[in-house]
Novice: 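Please see the structure below; I have some questions.
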Amino acid sequence: MTQPIRVLLAKVGLDGHDRGVRVVARALRDAGMDVIYTGLHRTPDEVVTAAIQEDVDVLGISLLSGVHLTVFPKIFKLLNDKGVADMLVVAGGVMPDEDVVELKRMGVSEVLLQDTPPSAIVATLTRLVAERGPR
């Protein structure tokens with residue numbers, strides 16, 4: 001039996017809206033994934049530490065507050081400093097289209113904007129983990 005995909009979802013910063021990330025968490029769980037949701041107002045360090053402790057395949061960061069170009073460099077630096085460069089990182093939420101290219105350049109595996117259907121999110125994470133292979 002194959003281990004389920006493990007996903008940690010987090011809201012980083014002062015953004016207090018989490019309805020969308022809760023919908024995503026439920027869709028991933030219903031698809032058979034192990035999902036950890038860290039809640040609101042997390043720091044990059046808290047999120048990376050939790051992702052490493054939980055040994056997740058995917059770290060998903062949900063942002064609606066416009067701080068994505070500040071948050072993701074911090075997350076990637078922490079992952080690299082802790083020797084976990086193989087963890088898949090995805091972004092979700094509200095971000096301008098022109099920032100998507102920059103986020104992918106930084107190392108974000110996929111950017112899933114607010115209008116992405118839950119089934120497409122499930123399919124995307126499944127594909128990313130399959131492409132990466134076992135850790």
Novice: For Asp34, which residues count as a salt bridge (Lys or Arg N to Asp or Glu O under 4.0 Å) partner, sequence neighbours excluded?
Specialist: Arg6

Novice: With sequence neighbours excluded, tell me which residues meet salt bridge (Lys or Arg N to Asp or Glu O under 4.0 Å) with Arg42.
Specialist: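 Salt bridge (Lys or Arg N to Asp or Glu O under 4.0 Å) list for Arg42, sorted by chain: empty.
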
Novice: To check you understand the geometry: which heavy-atom pair defines the closest contact between His41 and Leu14, and what is its length?
Specialist: CE1-O, 3.4 Å

Novice: What's the separation between atom OG1 in Thr126 and atom CD in Glu131, rounded to the nearest 0.5 Å?
Specialist: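 Rounded to the nearest 0.5 Å, the OG1-CD separation comes out at 11.0 Å.
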
Novice: Heavy-atom count around Lys82 NZ within 6.0 Å, excluding the residue itself: above 12?
Specialist: yes

Novice: Can you tell if the side chain of Arg22 reaches within under 4.5 Å of the side chain of Arg26, non-hydrogen atoms only?
Specialist: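 Heavy-atom side-chain distance check fails, nothing below 4.5 Å.
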
Novice: Over all heavy atoms of both residues, which pair between Ala50 and Thr38 is shortest? Give the atoms and the distance, please.
Specialist: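 So the two residues come closest at CB-CG2, 4.4 Å.
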
Novice: Let me check something: do Leu8 and Val48 share a hydrophobic cluster, defined by ILVMFWY side-chain heavy atoms less than 4.5 Å apart, either directly or through other members?
Specialist: yes

Novice: Does Val90 belong to the same Ile/Leu/Val/Met/Phe/Trp/Tyr cluster as Val7, with side-chain heavy atoms less than 4.5 Å apart forming each link?
Specialist: yes

Novice: Minimum heavy-atom separation for Met87 and Ile52, please, with both atom names.
Specialist: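 So the two residues come closest at CE-N, 4.3 Å.
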
Novice: Under 4.5 Å between side-chain heavy atoms, hopping through other hydrophobics if needed: is there a path connecting Ile36 to Val21?
Specialist: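 In one cluster with Ile36: Val21, no.
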
Novice: Pair Leu69, Met95 - check side-chain contact (heavy atoms from CB on, under 4.5 Å), show working.
Specialist: CA-CA 10 Å; Leu69 295 179; Met95 291 157 223; over 6 Å; no

Novice: Report yes or no: does Thr116 contribute a side-chain atom to a donor-acceptor pair with the main-chain N or O of Leu113 at less than 3.5 Å?
Specialist: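 Confirmed, Thr116 side chain pairs with Leu113 backbone.
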
Novice: Enumerate, atom names and distances included, each donor-acceptor pair closer than 3.5 Å involving a side-chain atom of residues 59-67, sequence neighbours excluded.
Specialist:
{"from": "Ser62", "atom 1": "OG", "to": "Lys11", "atom 2": "NZ", "distance (Å)": "3.2"}

Novice: Give the minimum heavy-atom separation between Phe76 and Val108, together with the two atoms involved.
Specialist: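 Heavy atoms only, the tightest pair is CZ-N, 3.5 Å.
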
Novice: A side-chain contact here means heavy atoms from C-beta on lying under 4.5 Å apart; do Leu125 and Met33 qualify?
Specialist: yes

Novice: Taking Val89 as the starting point, is it possible to reach Ile121 by hopping between hydrophobic residues whose side chains are less than 4.5 Å apart?
Specialist: no

Novice: Is any side-chain heavy atom of His68 closer than 4.5 Å to one of Pro96?
Specialist: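 In contact.
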
Novice: Can Val111 be reached from Val58 by stepping across I, L, V, M, F, W or Y side chains whose heavy atoms are under 4.5 Å apart?
Specialist: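 Different hydrophobic clusters.
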
Novice: Quick check on side-chain contact (heavy atoms from CB on, under 4.5 Å): which of Ile5, Asp57, Leu88 does Leu128 satisfy it with?
Specialist: Leu88

Novice: So, for Gly32 and Pro4, which heavy atoms are closest and what is the spacing to 0.1 Å?
Specialist: O-CB, 3.3 Å

Novice: Work out which heavy atom in Ala27 is nearest to a heavy atom in Val122; give both atom names and the distance.
Specialist: O-CG2, 3.8 Å

